[in-house]
Amino acid sequence: MANRFVLNTISYHGSGAIQEIPGEITRRGFKKAFVCSDPDLVKFGVTSKVTDLLDAAGIPWSLYSKIKPNPTIKNVQDGVAAFKESGADMIVTIGGGSSMDTAKAIGIIVENPEFADVVSLEGVADTKKHATFTIAVPTTAGTAAEVTINYVITDEDRKVKMVMVDKNSLAKISVNDPELMLTMPKSLTAATGMDALTHAIESMVTPGAYAVTEVLAAGAIELIREYLPKAVENGTDLDARDKMVNAIFLGGMAFNNAGLGYVHSMAHQLGAVYHLPHGVCCAMLLPIVEAENAKFAPERFRKVAKALGLAVTADVSDQACADYTVEEIKRLSKVVGIPTSLNELGIKEEEFDYDYLSKNAMIDACAPGNPFTPTLEETIAMYKKLFQ
Ligand SMILES: NC(=O)c1ccc[n+]([C@@H]2O[C@H](COP(=O)([O-])OP(=O)(O)OC[C@H]3O[C@@H](n4cnc5c(N)ncnc54)[C@H](O)[C@@H]3O)[C@@H](O)[C@H]2O)c1
Ligand SMILES: [Fe+2]
């Protein structure tokens with residue numbers, strides 16, 4: 001089978017990249033932008049960094065910001081109604097994964113109204129038309145939703161996060177401007193950065209990896225290891241923010257084409273039930289799941305360990321590479337201040353529904369990308385480690 005590689009048609013990078021947005025809209029003859037962002041970003045003046053440019057260029061726009069972290073079916077459906085009412089003919093989404101994923105779902109349903117229930121999009125949906133033309137502008141350095149064909153929407157009734165995989169959802173243009181990230185607080189920088197590390201590592205460990213995605217992911221890991229602690233330490237370090245933007249793009253291209261694994265399958269359940277930040281869930285689960293993966297595919301950790309700084313010579317065993325990887329993940333998590341157990345987040349083990357979360361993790365769309373298929377008992381055992 002051929003290896004697949006999907007990309008935005010254009011991606012802009014670096015300080016001031018958002019200046020390119022008005023020209024991209026007017027040159028294509030679009031008349032009005034539907035701006036999809038979240039309420040905090042509007043309140044703290046991040047969204048307006050882009051809408052001010054639209055105003056200056058005389059491009060009309062209307063705002064949709066009813067978007068929660070871990071966005072819901074209702075956020076999407078209200079957004080579809082707002083899009084239709086707005087008279088807009090394209091989308092500019094400004095935000096983290098939550099805003100960008102909501103915009104992807106809106107754009108897909110506007111063009112493929114037979115999926116208006118949102119739930120029928122779960123997994124690999126057979127949409128016929130590409131989503132509404134979208135420019136994705138990330139304000140966090142983590143999810144890489146601006147460069148991926150995935151989006152994640154929460155079904156509040158079932159308490160699950162639905163992962164949608166659809167080439168038609170990919171933003172046509174991504175604009176990766178580190179200046180939009182200078183306002184991220186330490187905890188958000190840490191969580192989103194560890195999400196990005198998880199993407200890069202899972203995309204290297206998965207059997208879906210191939211030479212192109214491995215090089216991209218290794219580049220992402222090297223940058224994250226060096227620059228995430230700097231970005232957390234000093235949020236206004238523009239160079240560190242810029243390097244994180246590069247890392248996210250590299251890792252995004254890697255996992256978009258190689259796939260993810262069981263860290264994400266298990267993290268999605270924690271996000272859906274406890275509304276925890278996605279990156280925190282990933283960071284806590286990453287060393288636990290990779291320690292298990294190493295029992296099945298230790299050879300996959302050689303390149304990961306090298307990217308994480310180990311001198312991987314011929315006399316270093318696969319297992320030593322895996323052990324180093326697990327310890328290095330834990331070290332990085334500690335340096336950037338990720339909690340080490342769910343107890344610290346106020347979650348009580350006696351109320352934790354191991355069975356429910358584990359069964360949903362097993363059928364999550366990312367699970368097939370893992371090097372081995374964990375049983376119910378193995379999944380429960382991994383969740384238990386989050387309370388130790
Ligand atoms: N599409 C994908 O491929 C993909 C991959 C991984 C995760 N996800 C999903 O993305 C979502 C998480 O996205 P996220 O981690 O980017 O966070 P988010 O979009 O949920 O935002 C979290 C909070 O950070 C705030 N924020 C964002 N940027 C900021 C900035 N520059 N300054 C100050 N505050 C800022 C937001 O207002 C919000 O309150 C989850 O639902 C997750 O499942 C999607
Ligand atoms: Fe993620």
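Ligands are counted one by one from 1 in listed order, and the atoms in each one are counted from 1 as well.
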Quick check: [X] and ligand 1, any N/O pair under 3.5 Å apart?
X	result
His264	no
His268	no
Thr192	no
Gly97	yes
Ala144	no

Report the C-alpha distance between Thr143 and Val152 in whole Å, list the side-chain angles of each, state the deciding distance to 0.1 Å, and finish with yes or no for side-chain contact (heavy atoms from CB on, under 4.5 Å).
-> CA-CA 11 Å; Thr143 70; Val152 187; over 6 Å; no
I need the contact type for [X] against ligand 1. Using non-hydrogen atoms and a strict under-4.0 Å cut-off, is it side chain, backbone, both or neither?
X	value
Asp38	side chain
Pro71	side chain
His278	side chain
His199	side chain
Asn150	both
Asp195	side chain
Asp101	side chain

Do other residues, nucleotides or ligands put more than 12 heavy atoms under 6.0 Å from Glu85 CD?
-> no
Cationic N near anionic O, under 4.0 Å, Asp318 to Arg302 = yes
When you check the gap from the basic side-chain N to the acidic O, do Lys159 and Asp157 get nearer than 4.0 Å?
-> no
For Leu260, which fellow cluster members are found when Ile, Leu, Val, Met, Phe, Trp and Tyr are connected by side-chain heavy-atom distances below 4.5 angstrom, either directly or through intermediates?
-> Phe255
Ile149 and its side-chain contact (heavy atoms from CB on, under 4.5 Å) partner, picked from Met164, Lys104, Arg4 = Arg4
Near Thr140, which atoms of ligand 1 are under 4.0 Å from a heavy atom of that residue?
-> 16 (O), 27 (C), 28 (N)
Taken in chain and number order and not counting sequence neighbours, the residues that satisfy side-chain hydrogen bond (donor to acceptor under 3.5 Å, both in side chains) with Glu24 are Tyr12, Arg27, Arg28
Across all chains, not counting sequence neighbours, the ring-ring contact (aromatic ring centres under 6.0 Å, His included) partners of Phe352 are Tyr274, Tyr354, Tyr383, Phe387
So, Asn256 side chain and Met253 main chain: donor-acceptor pair closer than 3.5 Å or not?
-> no
Examine distances only and state if a side-chain atom of Asp89 and a backbone atom of Phe30 form a donor-acceptor pair shorter than 3.5 Å.
-> no
Parallel under 30°, tilted from 30 to 60°, perpendicular over 60°: which one fits the rings of Phe249 and His13?
-> perpendicular
Look at ligand 1 and say whether Phe44 reaches it with a heavy atom at a distance under 4.0 Å.
-> no
Nearest non-hydrogen contact to atom 34 (N) of ligand 1 from the set Ile248, Val280, Leu188, Asp40 belongs to Leu188
Report the protein N/O/S neighbours of the Fe ion (ligand 2) that fall below 2.8 Å; do not count waters.
-> Asp195 OD1, His199 NE2, His264 NE2, His278 NE2
